Amino acid sequence: MTTEEQLAVPLLEAQDLAVKYPNGELALHDMTFSIDAPSFTAIIGPNGSGKSTLIKTILGLMKPVHGFVRVLGHDSVKDSKTIQRLIRYVPQRDHIELTVPMRVKDIVLMGRLMKKPPPRFVSGKDREVGKSALKRVDMIDLWDRPFPELSGGQRQRVLVARALAGEGQILVLDEPLAGTDAESQKMIVEALGEYQRDFDVSIIMVTHDLNPIHVFVKHVLLLRNTLVGIGTPCDVMDPELIKRVYGPAAEVVEYAGHRYCITPDSGVDRHD
Ligand SMILES: Nc1ncnc2c1ncn2[C@@H]1O[C@H](COP(=O)(O)OP(=O)(O)OP(=O)(O)O)[C@@H](O)[C@H]1O
Ligand SMILES: [Mg+2]
């Protein structure tokens, strides 16, 4: 493939994609879309709308029952090993064993070591990259702290730093803002946006609330077990579309040239 052909390959390309769980639950159906690379893509939609299922399918952890999804031209089933090398993944709930006395530095350095062939040794460069990733999320002072002692929001920031320290053209994060306060959200979002700008990687992020990230996001996929909307944050923040997905209580408001969505479960009206 020439460099030009590589540039023309979409980040994500799905056709007639349908995904079913073994219990017969059809989590996704009739999904056809294409997103150009590089991109900062947000996947939004209410609980149970298939966001995590789409991520697991992209990673090759679930197989479509119909259609396909390709990641930079690689088929999610046939080329899952290649895709897993390209992607750094932060799952929705990361089961890090909290009884093991891992320190923050061990967690972040895992991001460097995971994709190295054995024997895996930490180099000076690994340490340097790990520290710079922790600086991006303002956690460098906690380098030596035991990970289980951190608050939920601090842990989330460290897990994002672990992904930033890793290698691979695509970062996939499933709700990295969940359970974090406004300051942590801002830190994580800015770190991801700046990182994407500096390194020209692509970011695919599942989020419950588009509002904190809309300035960085280029493409949005709006799901309700199928693709209900695709476009820029402003395209998707269409009042009719939003009400169709989140119900009649959802509102879109315009402020300073941006459209914000207010749903019963979004951060905007959480304190009303
Ligand atoms: N392991 C599973 N077995 C059976 N059904 C599942 C499983 N995981 C998810 N589902 C079903 O698939 C659908 C989509 O779930 P998914 O986890 O992808 O939603 P989501 O958009 O990520 O939701 P949330 O916002 O709550 O994380 C739901 O109806 C859910 O009940
Ligand atoms: Mg989910």
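Because the structure is predicted, anything quoted here is derived from the model rather than measured. Whatever order the structure lists ligands and atoms in, that order sets their numbers, starting from 1.
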Got an N/O contact under 3.5 Å between Gly50 and ligand 1?
yes
Tell me, which protein residue and heavy-atom name are nearest atom 17 (O) of ligand 1, and how many Å apart are they?
Ser52 CB, 3.8 Å
For Ser39 and His219, does a side-chain donor sit closer than 3.5 Å to a side-chain acceptor?
yes
Which protein non-hydrogen atom lies closest to atom 26 (O) of ligand 1, naming both residue and atom, and how far is it?
Asn47 ND2, 2.9 Å
With respect to Ala27, determine whether any N or O atom, backbone or side chain, lies less than 3.5 Å from an N or O atom of ligand 1.
no
Charged N to carboxylate O under 4.0 angstrom, Arg136 versus Asp198?
yes
Answer side chain, backbone, both or neither: which part of Pro22 comes under 4.0 Å from ligand 1, heavy atoms only.
neither
Do the charged groups of Lys105 and Asp144 touch, with an N to O distance under 4.0 Å?
yes
Which option out of Ile55, Val206, Val19, Asn23 puts a heavy atom nearest to atom 4 (C) of ligand 1?
Asn23
May I ask you to identify the nearest protein heavy atom to atom 18 (O) of ligand 1, giving residue, atom name and distance to one decimal place in Å?
Thr53 OG1, 2.5 Å
Name the closest protein heavy atom to atom 14 (C) of ligand 1, giving the residue it belongs to and the distance to 0.1 Å.
Gly48 O, 3.5 Å
Determine yes or no for a side-chain-to-main-chain donor-acceptor pair under 3.5 angstrom, with Tyr246 supplying the side chain and Glu251 the backbone.
no
Test your reading of the model: is there a side-chain donor-acceptor pair from Arg244 to the backbone of Glu240, 3.5 Å cut-off?
no
For atom 10 (N) of ligand 1, the protein heavy atom that lies nearest, with its residue and separation:
Tyr21 CE1, 3.3 Å
Flag, side chain of Arg103 to backbone of Arg145, donor-acceptor distance under 3.5 Å
no
Note: ligand 1 atoms sitting under 4.0 Å from heavy atoms of Pro46 are 21 (O)
Nearest to atom 27 (O) of ligand 1 by heavy atom, Glu25, Gln92, Arg224: which?
Gln92
Using the ring pair (Phe, Tyr, Trp, His ring centres under 6.0 Å) rule, collect all pairs that involve residues 175-203, keeping only residues at least two apart or in two chains.
Tyr195-Phe199
Donor + acceptor pair across side chains of Thr32, Gln15 (<3.5 Å)
no
Any side-chain donor-acceptor pair under 3.5 Å between Asp30 and Thr226?
no
For the Mg ion (ligand 2) the protein N, O or S atom count under 2.8 Å stands at 2
Tell me whether Lys51 has any N or O atom under 3.5 angstrom from an N or O of ligand 1.
yes
Indicate yes or no for a side-chain donor-acceptor contact from Ser184 to the backbone of Asp181 under 3.5 Å, with no hydrogens or angles considered.
no
Among all the protein's heavy atoms, is there at least one whose distance to atom 2 (C) of ligand 1 comes out below 4.0 Å?
yes
Stepwise side-chain contact (heavy atoms from CB on, under 4.5 Å) test for Met187 and Leu192:
CA-CA 9 Å; Met187 197 65 72; Leu192 290 171; over 6 Å; no
State whether the shortest distance between N or O atoms of Ser49 and N or O atoms of ligand 1 falls below 3.5 angstrom.
yes
